[in-house]
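For reference, the structure discussed in these notes is given below.
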Amino acid sequence: MFDAILIDKTDDAQTVTLSDVSPDQLPEGDVLVDVAYSTLNYKDALAITGASPVVRSFPMVPGIDFSGVVVESAHADYKPGDRVVLNGWGVGEKHWGGLAGQARVKGDWLVPLPDGISLRQAMAIGTAGYTAMLCVLALETQGITPDKGEIVVSGAAGGVGSVATALLAARGYEVAAVTGRPAEADYLRSLGAASIVDRAELSGKGRPLAKERWAGGIDVAGSTVLANMLASIKYRGAVAACGLAAGMDLPATVAPFILRGVTLVGVDSVMCPKAERVGAWKRLASDLDLAKLDAMVTEIPLSEVIDTAPKFLDGQIRGRIVVPVAPKAD
């Protein structure tokens, strides 16, 4: 038996408990993993609180990512003792996730953990950091190099934004970090932000085009924040969009696209092809200053996950929430 966060649903309401679970209850898969670390992400918070219909079947173990060690494998690419990481693929939504002592998953969903990244560091990075890396790669593909100008990052004090800020700064970009929490300015500068932008500047109704300000952007917010960001991107700039914290709508016009040649790139981390995942994790191993991870991380035990989830939705979380499930030395 092992501990797991278990979400269930009755006719009346959703229930969430810390429960004892047997390996026999795990869903089908060709690889069994001892989970060392998982995380609490925004999507997990939605699932645990029931604020959004994230969970597709019940009962469900949330946790959209985890790192751990293979225990059993019928997959050709993995053997017992291999260190692995998983992000997305509907895990924690349609298939039991990482907030449990063990996980049984399809081997095709796993990525070998690169040398130089520990099991704990893998979840300090987590889906948020891996998504941030995909966004940086998207900007690079669009030819947005450090000499082109400043990069704006929304939600900079959150998980994706924190890692994106650190990654961009390490690559020599100047970063304009957007936050609605002025108290986080010193934290953001410690990650490498060159300037701090009050979220209010991007939150109101904007014009179709504004003064050219940034060469590129990474957006986790959507809605008016993304619309205003697009309106202020320089000629031939690009924005990588990966979130909807401010809303799913996009109250913008085509003006930035047809008058300035701006590119809006959608970044999806859930179903991203494996080759791109492997490439992103390799780049994280080489590009991210792992020493900066500690400043981003708060650790909570599995027993505190349920009570912490609502704080995510209230905007009270800085950086990354790491959950040591069954920590292992590596």
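We number each residue from 1, following the sequence as shown. Keep in mind the model is a prediction, meaning the values are calculated, not measured.
Closest non-hydrogen pair, Ala122 versus Ile117, comes out as N-CG2, 3.6 Å. In plain terms, the two heavy atoms of Ala164 and Ala132 that are nearest each other are N-CB, 3.6 Å. Between Ala4 and Val21, the closest heavy-atom pair is CB-CG2, 3.7 Å. Between Ala128 and Gly159, the shortest heavy-atom distance links the atoms CB-C, 3.6 Å. Taking every heavy atom of both residues into account, Ala45 and Leu40 meet most closely at N-CD1, 4.3 Å. Between Gly319 and Ser162, the closest heavy-atom pair is CA-OG, 3.9 Å.
For the residue pair Ser195/Glu150, the side-chain donor-acceptor check at 3.5 Å is satisfied. A donor and an acceptor atom, one from each side chain of Thr145 and Tyr173, are nowhere located under 3.5 Å apart.
A 4.5 Å side-chain heavy-atom check between Asp198 and Glu201 finds at least one atom pair inside the cut-off. Residues Lys94 and Trp89 form no side-chain contact, since every pair of their non-hydrogen atoms from C-beta on lies 4.5 Å or further apart. No side-chain heavy atom of Pro62 sits under 4.5 Å from any side-chain heavy atom of Val55. Asn228 has its side chain out of reach of Lys205: every pair of non-hydrogen atoms, C-beta onward, lies at least 4.5 Å apart. Here the side chains of Val325 and Asp34 are not in contact, with every heavy-atom distance at 4.5 Å or above. Side chains of Ile7 and Pro59 form no contact here, defined as non-hydrogen atoms less than 4.5 Å apart. The side-chain heavy atoms of Arg260 and Glu212, taken from C-beta on, include a pair separated by under 4.5 Å. The closest side-chain heavy-atom distance from Val33 to Leu86 is not below 4.5 Å.
Listed for the Arg320 side chain is a donor-acceptor partner under 3.5 Å among the backbone atoms of Met123. Although no hydrogens or angles enter the test, the distance criterion places no donor-acceptor pair under 3.5 Å between the side chain of Thr263 and the main chain of Ala238. Judged purely by atom type and a 3.5 angstrom limit, Asp8 has no side-chain atom pairing as donor or acceptor with the backbone of Thr15. Asp289 places a side-chain N or O within 3.5 Å of a backbone atom of Ala291 that can act as its donor or acceptor partner. Side-chain N or O atoms of Gln121 include one that pairs as donor or acceptor with a backbone N or O of Ser118 at under 3.5 Å.
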Exercise. Taking it one step at a time, do Asp44 and Val54 satisfy side-chain contact (heavy atoms from CB on, under 4.5 Å)?
Worked result: CA-CA 8 Å; Asp44 299 318; Val54 170; over 6 Å; no
Exercise. Would Val91 and Val61 count as a side-chain contact (heavy atoms from CB on, under 4.5 Å) if you check the C-alpha gap in whole Å, the side-chain angles of each, and the deciding distance to 0.1 Å?
Worked result: CA-CA 9 Å; Val91 169; Val61 173; over 6 Å; no
Exercise. Under the side-chain contact (heavy atoms from CB on, under 4.5 Å) criterion, do Asp65 and Ser38 qualify, and how do the steps go?
Worked result: CA-CA 6 Å; Asp65 52 20; Ser38 186; 4.1 Å; yes
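Atom NZ of Lys148 is surrounded by more than 12 heavy atoms from other residues, nucleotides or ligands within 6.0 Å. Surrounding CD of Glu174 are at most 12 heavy atoms belonging to other residues, nucleotides or ligands under 6.0 Å away.
Atom CD1 in Ile5 sits 6.0 Å away from atom CG in Leu99 (nearest 0.5 Å). Considering CD1 of Ile125 and OG1 of Thr39, their distance stands at 11.5 Å, rounded to 0.5 Å. In this structure, CD1 on Ile144 lies 14.5 Å from CH2 on Trp214, to the nearest 0.5 angstrom. Remark: Thr165 OG1 to Leu188 CG distance equals 6.0 Å, nearest 0.5 Å. If you take CD1 on Ile321 and CG on Asn41, they are separated by 10.0 Å, rounding to the nearest 0.5 Å. Taking OG1 of Thr49 as the start and NZ of Lys311 as the end, the distance is 14.0 Å to the nearest 0.5 Å.
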Would you tabulate the side-chain donor-acceptor contacts of residues 268-281 under 3.5 Å, counting partners in other chains and residues two or more places apart, or write 'none'?
unit_1	atom_1	unit_2	atom_2	d
Asp268	OD1	Val270	N	3.1
Asp268	OD2	Met271	N	3.1
Ser269	OG	Thr131	OG1	3.2
Lys274	NZ	Tyr78	OH	3.2
Lys274	NZ	Leu110	O	3.2
Arg277	NE	Cys272	O	2.7
Arg277	NH1	Asn87	O	2.6
Arg277	NH1	Tyr130	OH	3.4
Arg277	NH2	Ser269	O	3.2
Arg277	NH2	Val270	O	2.5
Trp281	NE1	Asn87	OD1	3.2

Would you be so kind as to tabulate the donor-acceptor pairs closer than 3.5 Å made by side chains of residues 294-307, with sequence neighbours excluded?
unit_1	atom_1	unit_2	atom_2	d
Glu299	OE2	Arg120	NE	2.6
Glu299	OE2	Arg120	NH2	3.2

With a 3.5 Å cut-off and sequence neighbours excluded, list the donor-acceptor pairs that the side chains of residues 25-32 form with protein atoms.
unit_1	atom_1	unit_2	atom_2	d
Gln25	OE1	Ser22	N	2.9
Asp30	OD1	Gly107	N	2.6

Residues 245-258, side-chain donor-acceptor partners within the protein, below 3.5 Å, at least two apart:
unit_1	atom_1	unit_2	atom_2	d
Asp249	OD1	Ser223	OG	2.9
Asp249	OD2	Ser223	OG	3.4
Thr253	OG1	Ala255	N	3.1

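Evaluation of the ring pair (Phe, Tyr, Trp, His ring centres under 6.0 Å) rule for Phe312 yields no partner, not counting sequence neighbours. In terms of the side chain to side chain contact (heavy atoms under 4.5 Å, CB included) criterion, residue partners of Lys79 (sequence neighbours excluded) are, by chain and number, Asp82. Partners of Val239 by side chain to side chain contact (heavy atoms under 4.5 Å, CB included), not counting sequence neighbours, listed by chain and number: Asp219, Leu226, Met229, Leu230, Ile233, Leu264. In this structure, the salt bridge (charged side-chain N to carboxylate O under 4.0 Å, His left out) partners of Arg181, at least two apart in sequence or on a different chain, are Glu184. With sequence neighbours excluded, the residues forming a salt bridge (charged side-chain N to carboxylate O under 4.0 Å, His left out) with Glu93 are Lys43, Arg56, listed by chain and number. The side chain to side chain contact (heavy atoms under 4.5 Å, CB included) search around Val220 returns Ser154, Val160, Cys242, not counting sequence neighbours. Residues satisfying the salt bridge (charged side-chain N to carboxylate O under 4.0 Å, His left out) test with Asp287, not counting sequence neighbours, are Arg171, Arg283.
When hydrophobic clusters are built by joining Ile, Leu, Val, Met, Phe, Trp and Tyr residues whose side-chain heavy atoms come closer than 4.5 Å, directly or via intermediates, Trp96 is grouped together with Val71. A single hydrophobic cluster is seen to contain both Val105 and Val35, as judged by linkage of ILVMFWY side chains at heavy-atom distances under 4.5 Å, directly or through other members. In the hydrophobic clustering of ILVMFWY residues, with side-chain heavy atoms under 4.5 Å counting as a link, Val85 and Val323 come out apart. With hydrophobic clusters built from ILVMFWY side chains whose heavy atoms lie under 4.5 angstrom apart, Val175 shares a cluster with Leu284. A continuous path of ILVMFWY side-chain contacts below 4.5 Å connects Leu6 to Phe66, so both sit in one hydrophobic cluster.
Here Val265 sits alone; no ILVMFWY side chain lies under 4.5 Å from its own, so it joins no hydrophobic cluster.
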